[in-house]
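Chain A is the first sequence line, chain B the second, and so forth, proteins listed ahead of strands; every chain is numbered from 1.
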Amino acid sequence: MLKDINIGQYIPGDSPVHRMDPRVKIILTIIYVVLLFVINNFYGYAISSVFIILPVVLSKISIRYLFKGLRPILIIILITVLFNLFLTEGEVVYRIGSFSITKEGIRMAAFMALRLIFLITGTTLLTLTTSPIDLTDGIERLLNPFKRIGVPAHELAMMMTIALRFIPTLLEETEKIMKAQMARGADFESGNFINRAKNMVPLLVPLFISAFRRADDLAMAMEARCYRGGENRTRMKQLKMSAVDYAAFAFTALLSAGVVYTRFFFH
Amino acid sequence: MGNGRVSSETLNIKKLSNVRTLTKVAVLGSFSFVIMLIEFPLPLFAAFLRLDFSDVPALIGAFAMGPWAGVAVELIKNILHAVFKNETALIGETANFLTGSIMVFTAGWFYSRKKTFKIAVMGMAAGVVLMAVLMSFANYYIFIPLYQKLLHIPLDAIVQMGTAANKAIIDLKTLVVYSIVPFNLLKGVVVSLITIMLYKRVSPILHS
């Protein structure tokens, strides 16, 4: 069950995109996603494709990985395309039985498929070129201004870092305990729903116990090293904006202006 | 040992418990995310409703460390899910976070008033009902229209998808009533049952 789960998309590298400040990458990704919803015609997509192709080329990441990111949403894309293709009203182009494909339907289907592909490609690029730890770091820094209204930015980032570190450990442990219980005759993959839920108990109890033990050990280790929260903490890796980051901002501003222009002046 | 200075500075009990809570919530969040990966869709329901047991660690966390700890576990789980498996541009994660948090917070709040088994069961029941009610509103007014906006699927099409599974579904309201409400109820009940079965066996280590 857990074998085909592929955790972590990050591909290490030394490209300008990898070296960018995670804060900048997160902000630019958000701007990019918002822009995708501003777009209302295909000219806009032409501009946003520049937006995505340039970092992909610069990052030297194989296109294969980007396609891999698209695979989980293939079904959603398919459903979207089919619904829009057959259920949009307009000038009929082709008829299959009681269904009809309209000109508007084809346009809408292509439009929505492109939106989804652009959306997922952009966010995938962020996770492909930024390690989860850098992402967490970036999120913490971006949340810093909200500390004043009570957002526990540092604690949240610390918990995220710990959680990230424990994913592989817990995955391995889950698999190990599953196998151990299966060797004793436990069955996780058949039976009706209630039975399946019941069968989870012998798996979850040892997992919980070991998870808590690990948490306690970690707390003790942190205490022993005098961990005392985020205040006055110094960092080995300082986040610093470089020329690439400023260039990326300028580039984004230019493309945003282009996209907004296509929305209002092309039809 | 000169206990005056040592105990006031390095053995700060409150801080110690904070770090303990921090690591426990973090590990539970990670655990919850791992469980979330073992999800399976139910044949009777629409494809976008998936069942998983990932709320169990959040519930246990809420019982052991208070309602906000449970919410934090849900938050970590969903951020991890967003970082590793972005599939619906955060809409799915937000919905999941709200669903889980409402249930977990209610149950944890009840239990924090009075720590008995009966109150725990009552809290979970209240949490499940509240969650089903609030989430049907949230789905009707926010999430379904949002999906519609994102994917441009006409709402009739989602309703038709529901009709294929259940004849009584004729419009969006009945879709919510016949598919999302029972799904959330079932999910809540199953998660609560597992938590009940687990709690007594896990609780010694929570309080140690």
Side-chain angles (χ1 to χ4, degrees), chain A residues 1-2 5 7-9 33 69 72-73 75-76 79-80 83-84 87 108 111-112 115-116 119-120 123-124 127 132 135 139 155-156 158-167 170-171 174 193-194 197-198 200-201 204-205 207-209 211-216 218-219 222-223 226-229, chain B residues 10 12 15-16 18-31 33-35 37-38 40 42 47-48 51 53 56-57 60 64 72 75-77 79-80 82-90 149-154 156-158 161 186 190-191 193-194 197-198 201-202 205-206 208:
Chain A
M1 237 193 288
L2 291 171
I5 290 167
I7 286 287
Q9 300 172 300
V33 169
I73 63 146
I75 291 179
I76 299 178
I79 290 173
T80 310
F83 274 136
N84 280 301
L87 296 173
M108 201 41 113
F111 190 78
M112 287 301 141
R115 175 188 279 183
L116 277 173
L119 188 70
I120 299 300
T123 45
T124 306
T127 48
L135 269 181
I139 292 171
E155 284 76 11
L156 205 64
M158 181 50 90
M159 287 194 284
M160 275 298 295
T161 315
I162 297 171
L164 282 169
R165 185 249 168 268
F166 274 104
I167 292 172
L170 289 174
L171 264 177
T174 310
F193 187 67
I194 301 294
K198 249 190 191 158
M200 291 297 279
V201 173
L204 291 178
V205 170
L207 272 174
F208 263 112
I209 297 203
F212 269 95
R213 199 162 291 153
R214 280 173 198 284
D216 258 355
L218 181 64
M222 281 163 77
E223 272 300 311
C226 293
Y227 171 77
R228 51 189 171 77
Chain B
T10 49
N12 190 325
K15 250 179 201 155
L16 188 73
N18 275 348
V19 179
R20 283 253 157 94
T21 313
L22 195 100
T23 55
K24 274 180 190 167
V25 167
V27 175
L28 281 181
S30 180
F31 186 18
F33 170 68
V34 168
I35 295 179
L37 298 175
I38 325 174
F40 42 91
L42 286 180
F48 53 87
L51 195 86
F53 307 123
V56 175
I60 299 257
L75 185 64
I76 292 174
K77 172 185 85 177
I79 298 179
L80 287 175
V83 169
F84 285 119
K85 317 215 137 221
N86 58 74
E87 286 165 19
T88 53
L90 291 182
K149 192 129 205 169
L150 171 70
L151 306 177
H152 205 266
I153 291 180
D156 321 341
I158 302 183
M161 236 158 84
L186 179 71
V190 170
V191 166
L193 282 179
I194 296 180
M197 286 191 271
L198 280 175
R201 299 166 74 175
V202 176
I205 206 146
L206 295 185
S208 66

With a 4.5 Å limit on heavy-atom distance, are the side chains of [X] and [Y] in contact?
| X | Y | value |
| --- | --- | --- |
| Val19(B) | Tyr227(A) | yes |
| Leu80(B) | Met160(A) | yes |
| Met159(A) | Leu75(B) | no |
| Phe212(A) | Leu28(B) | yes |
| Val205(A) | Met197(B) | no |
| Phe166(A) | Thr23(B) | no |

Determine the minimum heavy-atom distance between Ala26(B) and Ala163(A), stating which atoms define it.
-> O-CB, 3.5 Å
Starting at [atom1] of [X], measure out to [atom2] of [Y] and round the result to the nearest 0.5 Å.
| X | Y | atom1 | atom2 | value |
| --- | --- | --- | --- | --- |
| Leu218(A) | Lys24(B) | CG | NZ | 12.0 Å |
| Ser30(B) | Leu164(A) | OG | CG | 7.5 Å |
| Leu22(B) | Met222(A) | CG | CE | 5.5 Å |
| Phe31(B) | Thr174(A) | CZ | OG1 | 6.5 Å |
| Phe208(A) | Leu198(B) | CZ | CG | 6.0 Å |

What part of Leu207(A) lies closer than 4.5 angstrom to a heavy atom of chain B: side chain, backbone, both or neither?
->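 It is both, since atoms from each part get that close.
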Segment of Leu204(A) engaging chain B (4.5 angstrom heavy-atom cut-off) = both
Under 4.5 Å from a heavy atom of chain A, the part of Leu193(B) involved | neither
